Structures are given as structure tokens and as C-alpha cells.
Amino acid sequence: MSRECDTDLKAGLAQALATISVPQSLFQFAEELPGKFDRGELELDGNPKIESQPIGSRRSKRQKIPVIFKGTAAAVILVVTFFAGVTMSPAFASLVRGVPGIDIAIDWLKHIREQDGVQTAMNHDYIPIDPVTMKRDGTIITISDIYLTEEELLFKSFIQTDSFDLTDESSPVSIWISPLNTLAGQGSTTSSSVITAADGSGKPVLHETYKYQLSDGVVKQFLVQGTELELEVTKRTFIDEGRRLDIQQMGIMKVSIQPDKLLHNKVLEPKQSLPIGDSDLKELSLEKLTIQPMTMNLILKGPEGWYYEFPRDDETAPYLKDDQGREYRYDPSGSGLLYYEGGQLQLPFSSSVYFEPNVRSLTLHIGSLRVGEFEPSEKLDLPLNGENPRTIHFKNKEIVIEGADYLPEGYLHLKIKKDSPEQKRLEGVSFGIAQEENLTEKFDNEGTEAYDAYRKKQREDMKSFHVNGFGIAEDNRKSEHLNVYIPAPKLDQYTLTLSRTGDSITVNRDYTVSLKP
């Protein structure tokens, strides 16, 4: 809560204490107050109920204050805060305290909710499903801001624990929360941060926001079968230098879902062309726009045989803007890639125009994207002892191979001419060989131990060669050329392949989509 709101609250409480009679039972009052607050039955100064104004609304600077009674009965504030506990609704809890079970600063919580669309939903009386808390062996986990839509399950987790250091990003231990029942879906965390508890203890609290994408019809099926969502909490530990993952179940958290919490999405299928202007990726198609209470999802479609991806944390990341001037940020799950069949890719955005009936259009801005092809588009014969240098024209690049040799570690080594002495990498191109062994089939026959040994050797070789990966041309040790290392058997001649890989395209275009028929 802001300082201005906090001042208003204190002033309102002081005024209310002088005007309202003491109820017969403080405990009954404490039980009833959260519900009265959410229904708008309590108003400042004891005035008759007027048109309801949601908490945190931007339309009025003055917050409505629940009526409190006079005299020593002010102690009921403490009764409400501590007696109601996790049973109070999130809307009321957002006014008087942080996350149930763990004390979270209200200012910080409101900021996070404004980023991910929860605050907007709450401002329009779309209150989250009641939070739940679990305590196990020195660990406290609260699930809050739970929303279920026709396409997504969204929630936040807040964790305090004594079993590992939450502030250590390199810790091999983590806690993961995933839905069971029919609501199990594809998803990940979309944001993560460590804050300090607001109770004065100084203990760290790990906050993570989860988003699970659900298949068509599973929410309807879930509500038919029952309304209790099960969330599995697991403790995951990487052992043996990260080669093995140990998963232990910590418990099941059960959340009661009310069917009336489900709002129906607004879905458009514009099939709109989005010109890109690249020689290979000439255009994308906007296939679908889903407007949900807290998020908006676009489904784009690209040409067969190509992949494309968008930056997420820089100034060229895509964004949506409505015709009122409000922007909605790109907020992907996990890596940000959620591919469907036929070159379709989902672009999720935080917050939504769902509650804004006057918005008539959205504009998608694409600053840049990276593209690549699934199969090589160039092949050429490369004798191991052939004449060099050799010039290759690939796409819009001129690549000069200055030398090739075979290393006893099991790699074909290429020397690529630099465009300038400072060049560190050849962007947008990857190399391979057509005769490369089918490692998948090989390790299926030899088992996981052989594969683990192979991967361990590759990691060691990458460190030895000073490279970030195989098949890419780069220089991390100030040599005269760029180096390419390709796993390969020793041959007199190779069929070298070239692919366009992760090539950055500057687009900087706006595409307006109408929301009205």
C-alpha cells in the first residue's frame, strides 16, 4: 500500500472509531468483516452504501475504508489480522497484511500484481481464488493469486525455508509446484525474486509466478469432475555435478475452485498478415488472439521448416499497445518458446484489455526477432587436405575457410577468416557434417551411462577449446581466426553443411488489430 493510501487508512480509522458503536462479539465481527468488505457493505463514516469502487482503482485517489468501531474495540484490528489468518479473502488481505502464512510487504506485492495483471483484475472485482499454505520441516509455502481461465492456470508461490539458501542462485536444490488432476499442463515460472519478510526477522522469501498452458476442454472437464485442484510440491536436487536429478515429494496442496470464478475468454481469429521483410521469413500470420482477464495470448504462424523467436528482456522485445495508449509487456513462460504444430508460436503478454470495453484495437510492435532453419540449406564437399583458403557464399554472407584439420579428441576443426581483428563470432550460421553419426541410435543401444560419459567429455572439450558450443565459429582466446569444432569420425573427405541459425532480424514495425466487428 502506498504512503498516501496508508495515511488515508489511518485517518479513516480514527474517524470511524469516533462514530460507530461497538459490536457484541469481536470474534463474530472478525469472521464477518472480510466478507462485508468484499461485498462493499462497509463504507467510510457510516454513510449509506454508494456505488462500489474496487480497491486500488486508478479512478479515485481516495480509498474506501471499512468501518471500525470506537473506543477500546480498536483491538479488533489485531483480531482481524491474526484470527482470520488464511481464511480472509485476498482482496481484504491485500489491505491489512501480506501473503497469509508469510508476511509480505504490501507495497511490493501490489507492484508485482500490477506487472502481471492481477491488480487490474482485482480493480474490476475479479478476486483470486483463496490462498493455501503448507508447513513441512522448517519450510513454509503459500500459494496465492490463483486464477483459472479457459486456457491457463496462474498462481504465485511464496517460500520460506531452513533447508537450503534461497538467495543462492547456484544452489542445486529447488522447490517446484505443478498441478495434478486434469489441469496438468505445459508451463513454467515467468518471474522469480527474493525479498525479505516484512515481520522483522530478516528471513528471505522466494517469490515465483507460475503459468500453465492448458489444452482445449480440460478446464470444462475438471469442473465437471470436481472443483478441488491438487498442486504437487516437490523438492528437486541435482547431484553428481548436475548429472542426476533427485525428486522428492514434499506434499500435496489442495485448492478449492469455485465454478463462478471462471470467466470466458474473448477469442478472435484475424488471420492477419504481418510482413517481416526478410529474404527467407517474408511474413508471419496472426492466427489467433485470446484476451483473458489477466493475460493476452497471440498465436503466430511462420513458414514451414523455419523457427523464430523474440527477445524478452531488451528494448526490441515485442509489446502490445491499446488505442488508449496503455502498453502490455511480453511475458513468456520459461524460455518463452511455446511451439505448436505447423510453425505456430505463442506470444503471451501480461495484463489485459479484458475489462476495458472502450478499447477498440490493439497494436503489436515487433522490434526484432531471431530466425533459423531446421534443415541445412547448403552442402559442399570438403577434402581434409584440400586447397585453402576457400570462399563460400551462404545467404548474404561471404565465408572464407582458411584451413581444416582433424583433432585426436574426435573433432573436425575449421579455421574461418575474421571480418575484423576484433570479431568474436560469426553470427547466424552453424556448421555440420552430413556423415555425422546417429548419436541417438548409438546411445539407445549403449544405454544412459555411455551417453552421460559422452556428454561429460563434450563439456570438458568445450572448456579446453574455449568455445560455447560445437558447430559455431567463434574466438574466445584471441587467435587470428574463428574456430569451428564439429564432432565427427576421421575421414579423408567430408560433406560440410551450413544452416541459418539464430540470425537476428531488425523489423521495427507496428501491426494494428481490430477488436470490434
Side-chain angles (χ1 to χ4, degrees), residues 1-3 5-6 56 78 80-82 84-119 122 128-147 153-179 187-212 231-237 248-255 294 331 333-334 350:
M1 195 181 303
S2 67
R3 293 180 180 177
C5 294
D6 186 58
L78 298 179
V80 171
T81 303
F82 297 108
V86 298
T87 63
M88 67 170 63
S89 73
F92 189 73
S94 72
L95 181 65
V96 298
R97 59 173 297 175
V99 175
I102 301 176
D103 286 316
I104 302 296
I106 297 297
D107 281 345
W108 180 87
L109 183 60
K110 186 171 185 290
H111 172 70
I112 293 296
R113 286 173 169 172
E114 286 174 342
Q115 284 189 326
D116 61 21
V118 170
Q119 192 65 48
M122 292 176 66
I129 296 162
D130 286 341
V132 293
T133 297
M134 180 183 78
K135 297 182 180 181
R136 291 284 190 280
D137 302 326
T139 298
I140 303 174
I141 301 172
T142 293
I143 307 298
S144 183
D145 289 1
I146 310 164
Y147 281 99
L153 171 66
L154 305 100
F155 58 87
K156 295 185 181 72
S157 67
F158 299 87
I159 301 172
Q160 268 188 353
T161 185
D162 298 327
S163 63
F164 65 96
D165 185 1
L166 291 171
T167 65
D168 182 6
E169 295 183 358
S170 62
S171 172
V173 185
S174 63
I175 292 176
W176 185 263
I177 301 165
S178 54
S188 181
T189 56
T190 63
S191 64
S192 178
S193 56
V194 177
I195 58 175
T196 301
D199 58 4
S201 66
K203 287 187 175 182
V205 178
L206 174 64
H207 148 260
E208 292 183 307
T209 297
Y210 284 83
K211 180 189 291 186
Y212 281 91
L231 296 172
E232 182 183 36
V233 182
T234 55
K235 182 178 181 181
R236 304 185 174 198
T237 306
Q248 296 181 352
Q249 187 189 84
M250 296 181 65
I252 302 291
M253 302 179 72
K254 296 183 178 181
V255 181
M294 284 143 306
D331 188 20
S333 301
S350 65

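Excluded from the calculations below are hydrogen atoms, water molecules and symmetry mates; all remaining heavy atoms, backbone and side chain alike, are included. If you're wondering where the values come from, they're calculated on a predicted model, not measured in any experiment.
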- Message: Below 30° counts as parallel, above 60° as perpendicular, anything between as tilted: where do the rings of Y212 and F155 land?
- Response: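 The arrangement is parallel - the two ring planes meet at less than 30°.
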- Query: Quick one: which of F158, Y147, W176 gives a ring-ring contact (aromatic ring centres under 6.0 Å, His included) with Y210?
  - Reply: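 Result for ring-ring contact (aromatic ring centres under 6.0 Å, His included) with Y210: W176.
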- Query: Can you tell me how far the CG atom of L109 sits from the CG atom of D145, to the nearest 0.5 Å?
  - Reply: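 With rounding to 0.5 Å, CG (L109) is 6.0 Å from CG (D145).
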- Query: What's the shortest heavy-atom distance between I141 and M253, and which atoms?
  - Reply: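 Reported closest heavy-atom pair: O-CE, 3.6 Å.
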- Query: If you take all heavy atoms of I146 and D130, which pair is closest and at what distance?
  - Reply: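 In this case the closest contact between I146 and D130 is CD1-O, 3.7 Å.
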Do the side-chain N and O atoms of [X] and [Y] include a donor-acceptor pair separated by under 3.5 angstrom?
{"X": "T167", "Y": "D165", "answer": "yes"}
{"X": "T209", "Y": "S191", "answer": "yes"}
{"X": "S163", "Y": "T161", "answer": "yes"}

- Query: Are there more than 12 heavy atoms of other residues, nucleotides or ligands under 6.0 Å from atom CD of Q249?
  - Reply: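 For Q249, atom CD is crowded (more than 12 foreign heavy atoms under 6.0 Å).
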- Task: Using side-chain contact (heavy atoms from CB on, under 4.5 Å) as the criterion, point out the one residue from E114, H111, M294 that pairs with Q119.
- Result: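 That would be E114; it is the only one of E114, H111, M294 passing the side-chain contact (heavy atoms from CB on, under 4.5 Å) with Q119.
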- Query: Does K203 offer a backbone N or O that forms a donor-acceptor pair with the side chain of S201 under 3.5 Å?
  - Reply: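 Yes; at least one donor-acceptor contact below 3.5 Å.
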- Item | S350 (side chain) donor-acceptor with Q115 (main chain) under 3.5 angstrom |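 The answer is yes, because a donor-acceptor pair under 3.5 Å joins these two groups.
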